Amino acid sequence: MNCRHCGAPLRHTFLDLGFAPPSNAYLKAEDLNRPETYFPLKIRVCDQCWLVQTEDYAKADALFSPDYAYFSSTSAGWLAHAQRYAQTMTQRLGLGAGSFVIEVAANDGYLLKNFVASGIPCLGIEPTASTAAAAEAIGVPVLREFFGEALGRRLAEEGRQADLIAGNNVYAHVPDINDFTRGLAAALKPGGTITLEFPHLLRLIEHAQFDTVYHEHFSYLSIHAVQRIFEAAGLRIYDVEELPTHGGSVRVYGCHAAAAFAAQPEVERILRLEVEGGLLDLSTYQAFQARADQVKDALLGFLLEQKRLGKTVAAYGAAAKGNTLLNYAGVKPDLLPFVCDAAPAKQGKYLPGSHIPILEPRALAERRPDYVLILPWNIAAEVREQNKYLADQGTRFVTAVPKLEVQ
Ligand SMILES: [Zn+2]
């Protein structure tokens, strides 16, 4: 396989998690006696442009299960983040009734509704029918298509280039990152700004967040790699902000190569952090598998020990990252009999691969396990706070990443 950005042969493995089912392929009871599809989950690194990427194995569309869609508006924290973003960008770029904002992967309109409310014309691009319908229902105009160069050019021909193009947690998920980036360039006005938010590869490596690896996530991005991808499409990065979301994300500000935006000092600072963090050094990537294995082995050791001692362990949060961790560790219901999740759409189903049943959070109160393993470590503090009554009754909380911690 060759690099999806620069075409160089991919000779180095960053992480090999064996085989796993798609992380969002939650199972119904009747699925449990049917075969389950597993795909290789192997991540490679390009030693020419440093793009970290999934190995090709199957058509991307085979992975997206039609009956499960994530609605961004279900997270209060994310809604607040989107509202702050809209305010900040409106001020910083001086947006108004004569401006035009495009969001790629507009989901259920969680972000663009803020621009609609301010009277700023906007357009969401969203191929998933259920979320697109939800966006339209709250007054956000939506184009139900996949975004890429062809659509970017069409928007330009129709005179619908944007002053601002937003892409939150979509850039790492696109299979053809060059085509997508050329689409951004085509759909952007000469003086327009692109903002993209994605998890920062630097933090993934630093905090051993190997459980954020899953098939639908095609790229693991550094600013160095994005800078090269932007340049190849006639764009440049003029600012970067670090964000706490998803265990450490970045927001990149891009513009046309010839636009007047002055490069901000943050760009150089974060590029320097990446150099210091070893992101231009092959050995950093080659050392990552051992760290993932340490996390996996420690979790497995803990679960086996509790079983031997006759203690009970349950999990909280049926999130994608939990599926990656549990499937890599080979954990099954004998070690972890159930997981609780607040999302009604997941309750009554089973985790892909491990087949651990998903129950309502009240199962924790009823069964009072000795330990609760919090799978989405990024919201561990929130989960502990919400379930304080369990700690008062002697239950202890556990997180596995970046290292096993019992509190
Ligand atoms: Zn490359």
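Atoms within a ligand are numbered from 1 in the order they appear, just like the ligands themselves. Nothing here was measured: the structure is a model prediction, and the numbers come from that model.
Under the salt bridge (charged side-chain N to carboxylate O under 4.0 Å, His left out) criterion, R396 pairs with no residue at all, not counting sequence neighbours. R203 pairs by the side chain to side chain donor-acceptor pair (under 3.5 Å) definition with E206, E242, not counting sequence neighbours. For E158, the salt bridge (charged side-chain N to carboxylate O under 4.0 Å, His left out) partners two or more places apart in sequence, or in a different chain, are R154, R160.
Excluding waters, the protein N/O/S atoms found under 2.8 Å from the Zn ion (ligand 1) are C3 SG, C6 SG, C46 SG, C49 SG.
Donor-acceptor pairing under 3.5 Å is recorded for the side chains of W377 and D211. Checked by atom type, the side-chain pair T193/Y238 shows a donor-acceptor distance below 3.5 Å. Side-chain polar atoms of Q53 and H5 form no donor-acceptor pair below 3.5 angstrom.
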